[in-house]
Amino acid sequence: MFHNMFKLCNLEIAKLLREYIVAVGAESYYHKFVPRANKFHPLHFFSSTTDNLDLPANPSCGSFILNAVGIIRAPRGDGKETIVLVTPYNSQNTTYSDAVSLGIGFSIFSLLSHVTWLAKDIVWLAADSRYGEYTTVDSWLKDYHGPAFPGETSRIVDDACFEENNSDSLDHIKVEGHNSYVYKRAGTMAAALVLKVVDKKEEERDSLSIYAEASNGQMPNLDLINIAHYLAVHRQGLRVKIGSIIYFLKASWVKLLGEMLQHITTLAKRLNPKWKFDITSADYVEGTATLASSIYYQALGVPTGSHGAFRNYQVDAVTLEFSPRSSLNNENVRSAFLLKTGRLIEGVIRSVNNLLEKFHQSFFLYFLTAPHKYVSVGIYMIPFGILIAPLPIVAAALFSSNNGSSNKDGSWKWLQAAKVVFLIHLWAMITSLLPYVLLQLPLGTPSSFASAWAAVAICFLLITYLILWSSSIDCGWELLKSVMIVAAAIGLSLMSVINFSTAQIGAMLIVPMCLLVKPARKQTQGVFAKALMLTSNLALLVVAFPPAALLIAKTLFGASGNIDIGDFWEWAQILWSWNSATYMYLLWIHLPCWVLCLNIFLYPCIGSSSKA
Amino acid sequence: MAALCRRFTGFHFLLVLVSLSISSLVFGDWIGDDEGEQFTEELLLKPLPDRKVLAHFHFQSTAHPSPDSGHHHHLFPKAIAQLIWNRAPCDAVGHFMVQKFQIRDLELSFTQGRWNYENWGGSDPISSTNAKPPGVELWATFNVPVVEIDTTWKNLTHALSGLFCSSINFLESSTSYTTPSFVFGLNVSNIRYGALPREAVCTENLTPWLKLLPCRDKAGLATLLDRPSIYKGYYHSQKLRLTSTKLSGIILEQTLTIVLQPNIQRNSAHSLLDGAIQPSWSISSMFKRNLTGSCVLARTSRILVELEKNIVSKLEELGHGGSWSNSLLDLSPNPFRVIKEVNPFPEESNSILFEYVNSKEYEPLDVGIKWKLPFVWSSPHAPFHASRFLMGSGTERGSIAISLQSTKSDEYFRSKSNECRMQAVVFQVVPWYVKVYYHTLQIFIDQKLQNLSDVIEKIRVTPSEDKKLPGTLELVLGYPCTVQSVALTLDFDKGFLHIHEYPPDANQGFDIPSALVTFPNLHSSRIYIGDDSSVHSPLLLKFQEKNVVLSYTEVLLVPFTTPDFSMPYNVITFTCTVLALYFGSLLNVLRRRIGEEERLMRSKDANKRGLIPSIVSKITSKLRGMPGSKPLLIFAVVLSVLFHYIVN
């Protein structure tokens, strides 16, 4: 199967797969679709619906994608639930590892077609990832949960593109041309596995990487990861990896911190041997790197693979990426590898198959610190709560100290400050919608888009300030800071519900900035204190500016190459094209807060409203 | 083992003979009496296109219409007879009357697995009468006044539940059954229909079913029912059909339809041609039992092997019309008789039945087919394949879609397509917690949205009522036969339920029972060349009935929002702990006599005043000052809820 796959092009692979599926005795059909480009829809955040109106009028034969789908109906099952197995492959540039992953997918499928223990149906989607595997899987899922009535898909593309030339009459009866495009479904999805093979060289053992992050920091149920991890480590002897940020693995300060912790724990153990929190430095470093990557990918809000498409439909899914110890061209290595991976997938499918209820016992909100260790929501919410707890307290303190000192009509002075804050937030909202307008303009490169965006945004900001100055608002920086802090606290708490990781990283930047910011011209006692205040304010203001933060992160985490202004545009584009809430957070909460802090830092009139 | 088996059955056979001779002494000659009770047993075997074999057992008992025989029956199961006749209590007045139900018609089916309409046929008599939805389905018509029907139904569900060891009694609640008006083509108001899609079917349901047979599974065809082999199959449906009329008496049909996979010797696992040659099978290889002799109480005992018309047409092409031993297949042993179907269209070929009479007592009758050449055929499809699926995602709303896809199989529709109009009746019961908005009904024909009044010929909607009634939709669609696909969608909201309204395993989701799609102007009747054999075969009579072609759709699983079921228990335990601590300390404080202790202490150490007594006295004084324990209770509850969230 592997060897004749290279000779085939495009649609031939799907045809071949379908023939194999039918030979096994399972139901099969082709899923056909025309991929569409992701567009910026400002109102389509949080909704995965796209209108079907922007279909190309006359799609050519080459532009559509054909996926072969096989369904095994569980012999004695009632067909209410299914388990989905996805093997992506690139039909235009089929690599050897693609072929191996298809081979594993098919061998599992053919095994499952005659097992007696199946209680849930099995759907195998061989996804042609020519235009990205996420697009393919997402479009298949959209048809699964949408009104793709039988026969509809076949009308999109003229059937003349794909004629059945079965010379063998025997095959012709089995591979009926008519029914092959009828979309078939098989119950509610219980879980999904995306199976991939990459030909990376591993050091000593075959390894398995688990990817689980879906859009906006959603995770599959922890039990699914636990099953895959347990079976991989304890049954098949695979090395399980999840993503980690290499910077933290190499950084000496993390190592130092780890060693300090190790010393403290050994000391504690000497004091009382019953205390069990001994941690080695290496564990700490690795845990930190893994946790950082877990938080990073959740905060980004972009799925790490095609499993993310399933999460949009409340289906638990993970990507299992296998990499062999040495080259798969070796016969022995290949058969051992196929056996291991096949057994693992079979085990996971069997575990899910045996479940009566869908996953609900374990966590949905967690960070991973190792493949088998996690930080649950009950633990990570506490530091976050402590982090943002000062915000309302400080706001109240500032408000009361300012209000108590002023006269009667001063009690409504905060409305002026609220007006300023509101206008700045309005500006930020307009800025966030600007790309929609800009995309209509024929600007060529990303850098020109980015500079246009920045220029227009700055223009609008200046106009906002002109409006503010013309109405001669004089409210005093303390009230302004108090209202700004309240807005930031509300924004952060809301964001922590939508995507916790974004809120966590954002809070780490915003909270110190909000608490420390003071006008630069304000008199303080002592030169040293003033200098400290100034430098910390400046540093925080630089770090908390989103583009600057991106630059710093890029240089820190070892991205090579020169930095272009267009990068920011591309980065923002990634965020909105994946409907990431991080984009909204950055522009609706983070940016206005930063502008207001800058405003306070450069506040001109000091004496007027300071403590009388 | 086989020898042991034979000896075992032989022994039982002896027993039966002895009892028979005794009973014939007592009751006189009644076997073969046309007026009295009758029992027949038949088995239909049929090769299926996807290398499987259908086995359809048909047992029929009839009882005399007149209740003259009193409470005694020779063959007819008494438990069933009691369901039908409403007799006066034989005992004195005041004795509690045994509840009986005046049933005119009843059908109860236990099914495991799904009928594959594409491969196993959709328009033949077997599929239209014996393809059933997974789980339990029960419908019955009653002879009682309309007001009494609901109570009779409830009592009937309990009686059947006890009789068949299953939870049919869940159909008692008014949320689970409904009154269809025209789907079953029967009288309007006295029918009740209910389905339990989640009911598991196993041997414990089969055993009481077998007990209704006069020979149980000790003799006759029922001896073939080896539990491991029949439950290993791909489809298993045991059915009980009861009809009672004044004229013909009670007819009890017990059918068991199973689809089995004969053992295949795989030569090469990955050869594409491997699937072409059909596996050869025989009764002994499929059931792992030998058939020796019939049930002596049975009037007839026969085995029929059916070859579908697509096989026959191939045979005719090859030049051997109705022969049972040819170059394609070998039927062994030689059949007793060949029964041919008569088709209204003479140019087409017809299905053939080969009949075997099961009478030899010592030589096992091992009917089987041996395939010689690779051969592929297809089963007769219904004109439209019905399927149903859910649309939308999320835990708030969704839609149900039912789609009918033309199978393009029936050339006879194509031929007169101009004026031909197809009718399809859709019957859909939806539980109340799936709140269907019937005004959102949309019908697409060939992907084009239709005006409802153009397509719907008749509609009857019973909206659901919370915790009382399920929603019922009955719909007659009329559309041209040339249509490729028909789809109807209905939007629904998922209701919020009380914590006690969730069924067990609520996190799996909620089931929507199968919808039923019937095609009222299509019938699956067959006509056989009339010799007197058909008169004596209830199975063939059944095939000749005008049964409407119908198909059941899949059961749907709707995921619902579920509360955290452990939360109340967490809160209760934590609150109880806090309250226990509170009352314990309160009691301790109240019943301790401080003055006494202080005196004792003073007497011990006159100079020192103890620290603990002073604290205790302070606490008691505080507690006495408090107005009540309500704030403490609220505090405890709040604390416990907080604790729950931190823990989870």
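Per chain, numbering begins at 1; letters A, B, ... match sequence-line order.
With B:Gln508 contributing its side chain and A:Glu357 its backbone, the two residues share no donor-acceptor pair below 3.5 Å. Checked by atom type and distance alone, the side chain of A:Arg76 pairs as donor or acceptor with a backbone atom of B:Lys232 at under 3.5 Å.
To the nearest 0.5 angstrom, B:Ser393 atom OG is 10.5 Å from A:Arg311 atom CZ. How far CZ of A:Arg185 is from CD of B:Glu554: 10.0 Å, rounded to the nearest 0.5 Å. Considering OH of B:Tyr234 and OG1 of A:Thr116, their distance stands at 8.5 Å, rounded to 0.5 Å. Taken to the nearest 0.5 Å, the NE2 atom of A:His360 stands 8.0 Å off from the CZ atom of B:Phe565.
Chain A forms the most heavy-atom pairs under 4.5 Å with one residue out of B:Pro49, B:Gly392, B:Pro197, B:Pro134, and that residue is B:Gly392. In terms of heavy-atom pairs under 4.5 Å with chain A, the best-connected choice from B:Leu557, B:Asp505, B:Asn507 is B:Asn507. Highest contact tally toward chain A, considering only B:Thr111, B:Thr395, B:Leu390, B:Asp511, is held by B:Asp511 [criterion: heavy-atom pairs under 4.5 Å].
Heavy atoms from other residues, nucleotides or ligands lying under 6.0 Å from NZ of B:Lys494 number more than 12. Counting non-hydrogen atoms of other residues, nucleotides and ligands closer than 6.0 Å to CZ of A:Phe364 gives a total above 12. Atom CZ of A:Phe500 has more than 12 heavy atoms from other residues, nucleotides or ligands within 6.0 Å.
Checked for salt-bridge contact, A:Asp78 and B:Arg114 miss the test: no charged N lies under 4.0 Å from a carboxylate O.
With a 4.5 angstrom heavy-atom cutoff, A:Ala190 does not touch chain B via any of its atoms. Looking at B:Asp50, there are no atoms closer than 4.5 Å to chain A (heavy atoms on both sides), in backbone or side chain.
Contact check for B:Asn116 versus A:Arg73: no side-chain heavy atoms found under the 4.5 Å cut-off.
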